[in-house]
Amino acid sequence: MSSTEESIDYNALIEPNRVHSRVYYDEAIFQEELEKIWYRTWVYVGHTSEIPNKNDYVVKSIGPTPILMVRDKDGEIRLLLNKCPHRGNQLCAYQGGNRTSFTCPYHAWTFSNTGDLMGFALPDGYVGTEKKGLGLGKVPRIAIYRGFIFGSFAHEGPSLEEHLGGAKASLDQLLDNSPTGELELTAGFLQHRTKANWKFMLENETDGYHPGFVHGSIFQVTDSGIANLYGPDSTALTRDYGNGHTEFDLRPEWRRIDKPLEWFGTNEARLPAYVKAMNEAYGDERARQIMIDGSPHIMIFPNLFIAEIQMFVLQPTAVDETIQHVTAIQFKDAPDMNRRLRQQTMGSVGPAGFLLADDTEMYERNHRGAAIRDPEWLLLSRGEHRERLDENGFRIAHSTDETPQRGIWRHYLKLMSE
């Protein structure tokens with residue numbers, strides 16, 4: 001924002017239990033979000049299993065900025081900006097591969113996969129020009145937690161572990177469901193383009209108030225008991241971990257049922273190889289508890305959503321457009337489990353999936369509705385009276401309460417006011 005533009009008073013737009021519609025559709029706010037959130041905080045980029053070998057690369061993003069996630073010739077992971085420093089051409093058009101260098105298609109400048117400039121085409125025109133300093137842009141900070149790669153454009157700031165805080169335990173919970181404690185994200189990504197602001201998705205991922213209505217027809221057709229998880233008698237919880245991280249915690253429900261893999265809609269008999277591998281890895285008692293609790297349902301601010309069986313990565317491309325990159329979770333050395341994870345992911349969020357179609361309709365209706373003049377304020381007060389602290393000091397409430405959304409906006413206000 002230039003000094004001649006009027007600064008935005010976010011305290012006048014965000015209150016403890018309501019937000020102004022302007023925060024969803026205002027272009028100036030979106031541009032400021034890019035600078036204060038997407039280009040300053042830790043943002044999830046990808047997973048180490050996507051680039052298992054030296055010289056592997058995949059195209060990723062931080063906000064709308066294209067990134068090359070590379071395992072270079074020495075095996076070091078790097079995040080390079082997908083932009084030739086000569087004339088700004090997008091350097092790499094392929095989504096991934098294995099190569100030691102990248103050549104710009106415009107004027108054939110060539111860069112190593114460490115980001116350094118290797119050579120000019122027709123070099124006689126650059127006599128006396130130093131190659132040093134003409135390499136690819138680099139994300140200055142990279143941190144990895146158990147295979148999850150995060151990047152930050154800020155040269156200084158909180159560590160990744162400080163950023164994750166209590167949400168780190170949910171990543172551990174996910175990885176405990178692997179017999180080897182590792183993921184292998186090899187199923188490929190679907191890309192869903194939604195004409196809506198990214199914050200509608202951020203809020204929705206741990207919203208337990210909507211599924212019984214938005215997804216009610218699916219639950220009815222499939223004769224599913226999932227709807228009960230969002231009803232008045234549910235023991236499931238919403239949780240605010242702080243730093244914008246939020247959770248829909250289903251473990252109280254699964255523990256009440258006390259059946260392994262119930263969260264997955266299956267049973268031990270259907271996945272014998274997986275159960276055997278888990279018992280061998282953790283011992284029967286611990287393995288049983290892991291398989292009762294299942295995978296987490298958590299939104300890690302600002303862009304990583306783990307939804308038990310799949311992962312979503314949010315990419316805002318405009319104030320009114322977001323791409324959701326979706327893949328099935330895959331556990332290393334668990335082929336029978338992985339097959340079913342892929343099948344269920346396609347059924348729920350694939351091209352003909354039921355759940356994502358419902359949610360996308362709501363996102364786009366929300367975005368169109370945000371511009372309607374009256375009422376300008378949107379209410380987020382549900383469950384304030386029953387909010388409390390759990391044993392670790394995190395705010396929790398009933399499964400249908402808006403504790404996560406209030407937590408998101410508290411963190412958002414802090415970042416945007418700095």
Ignoring hydrogens and angles, tell me if any N or O in the side chain of [X] forms a donor-acceptor pair with the backbone of [Y] under 3.5 Å.
{"X": "R406", "Y": "L380", "result": "yes"}
{"X": "R71", "Y": "I51", "result": "yes"}
{"X": "N303", "Y": "V313", "result": "no"}
{"X": "R386", "Y": "D401", "result": "no"}
{"X": "N267", "Y": "A269", "result": "yes"}
{"X": "D240", "Y": "G242", "result": "yes"}
{"X": "Q173", "Y": "G294", "result": "yes"}
{"X": "N98", "Y": "K54", "result": "yes"}

Does the side chain of [Y] come within less than 4.5 Å of [X]'s, by heavy atoms?
{"X": "R339", "Y": "D336", "answer": "yes"}
{"X": "Y412", "Y": "L202", "answer": "no"}
{"X": "K131", "Y": "D116", "answer": "no"}
{"X": "M201", "Y": "F305", "answer": "no"}
{"X": "V275", "Y": "L261", "answer": "yes"}
{"X": "N243", "Y": "W42", "answer": "no"}
{"X": "Y241", "Y": "N392", "answer": "no"}
{"X": "H245", "Y": "F394", "answer": "no"}

What are the two closest non-hydrogen atoms of [X] and [Y], and how far apart are they?
{"X": "T206", "Y": "H297", "result": "CG2-O, 4.0 Å"}
{"X": "W377", "Y": "A12", "result": "CH2-O, 3.2 Å"}
{"X": "T327", "Y": "G188", "result": "OG1-O, 2.8 Å"}
{"X": "T114", "Y": "S112", "result": "OG1-OG, 2.6 Å"}
{"X": "A28", "Y": "D26", "result": "N-OD1, 2.8 Å"}
{"X": "I62", "Y": "Y39", "result": "O-CE2, 3.6 Å"}

Can you measure from [atom1] ([X]) to [atom2] ([Y]) and round to the nearest 0.5 angstrom?
{"X": "H398", "Y": "T403", "atom1": "NE2", "atom2": "OG1", "answer": "11.0 Å"}
{"X": "I309", "Y": "S348", "atom1": "CD1", "atom2": "OG", "answer": "4.5 Å"}
{"X": "N279", "Y": "M291", "atom1": "CG", "atom2": "CE", "answer": "5.0 Å"}
{"X": "Y106", "Y": "Q90", "atom1": "OH", "atom2": "CD", "answer": "14.5 Å"}
{"X": "L91", "Y": "N82", "atom1": "CG", "atom2": "CG", "answer": "5.5 Å"}
{"X": "I8", "Y": "E32", "atom1": "CD1", "atom2": "CD", "answer": "5.0 Å"}

For a side chain to side chain contact (heavy atoms under 4.5 Å, CB included) check, start with the C-alpha distance between V43 and W38, then their side-chain angles and the critical distance, and finish with the verdict.
CA-CA 7 Å; V43 176; W38 294 91; 3.9 Å; yes
Just checking H47 against F148, ring centres under 6.0 Å apart?
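Under 6.0 Å, so yes.
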Do the ring centers of H411 and F301 come within less than 6.0 Å of each other?
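Ring centroids of H411 and F301 are less than 6.0 Å from each other.
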Does [X] come within less than 4.0 Å of [Y], counting only side-chain N to carboxylate O?
{"X": "R22", "Y": "E376", "value": "no"}
{"X": "R146", "Y": "D172", "value": "yes"}
{"X": "E161", "Y": "K168", "value": "yes"}

Any chance you could lay out the side chain to side chain contact (heavy atoms under 4.5 Å, CB included) test for L68 and C92, step after step, and finish with the verdict?
CA-CA 8 Å; L68 298 174; C92 188; 3.9 Å; yes
Which pairs of donor and acceptor atoms, one on a side chain in residues 364-371, lie under 3.5 Å apart (sequence neighbours left out)?
from	atom 1	to	atom 2	distance (Å)
E364	OE2	K195	N	2.9
N366	ND2	M362	O	3.4
H367	ND1	N197	N	3.1

For the residue pair [Y] / [X], report whether a side-chain donor-acceptor contact shorter than 3.5 Å exists.
{"X": "E162", "Y": "S159", "answer": "yes"}
{"X": "T186", "Y": "Q330", "answer": "no"}
{"X": "Y209", "Y": "Q405", "answer": "no"}

Would K60 and F189 count as a cation-pi pair here, with the cationic atom under 6.0 angstrom from the ring centre and within 45° of the axis?
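Cation-pi check for K60 and F189: passes.
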Check the pair Y282 / Q289 against side chain to side chain contact (heavy atoms under 4.5 Å, CB included), numbers first and verdict last.
CA-CA 10 Å; Y282 298 102; Q289 190 59 59; over 6 Å; no
Evaluate the ring planes of F111 and W109, with Trp represented by its six-membered ring, and classify them as parallel (under 30°), tilted (30 to 60°) or perpendicular (over 60°).
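Judged by the thresholds at 30° and 60°, the geometry between F111 and W109 is tilted.
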Between R255, R286, R256, which is the residue that forms a salt bridge (Lys or Arg N to Asp or Glu O under 4.0 Å) with D293?
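Of R255, R286, R256, salt bridge (Lys or Arg N to Asp or Glu O under 4.0 Å) with D293 is met by R255 alone.
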Side chain to side chain donor-acceptor pair (under 3.5 Å), paired with E203, selected from Y363, Y24, W198
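Looking at Y363, Y24, W198, the match for E203 under the side chain to side chain donor-acceptor pair (under 3.5 Å) is Y24.
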Take T238 and T246 through the test side chain to side chain contact (heavy atoms under 4.5 Å, CB included) and record every step on the way to the result.
CA-CA 8 Å; T238 52; T246 58; over 6 Å; no
Within 6.0 Å of CD in E285, more than 12 heavy atoms from elsewhere:
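No, the 6.0 Å shell around CD holds no more than 12 heavy atoms from other groups.
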Just checking E418: does its CD atom have more than 12 heavy atoms from other residues, nucleotides or ligands closer to it than 6.0 angstrom?
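Check passes, neighbour count above 12.
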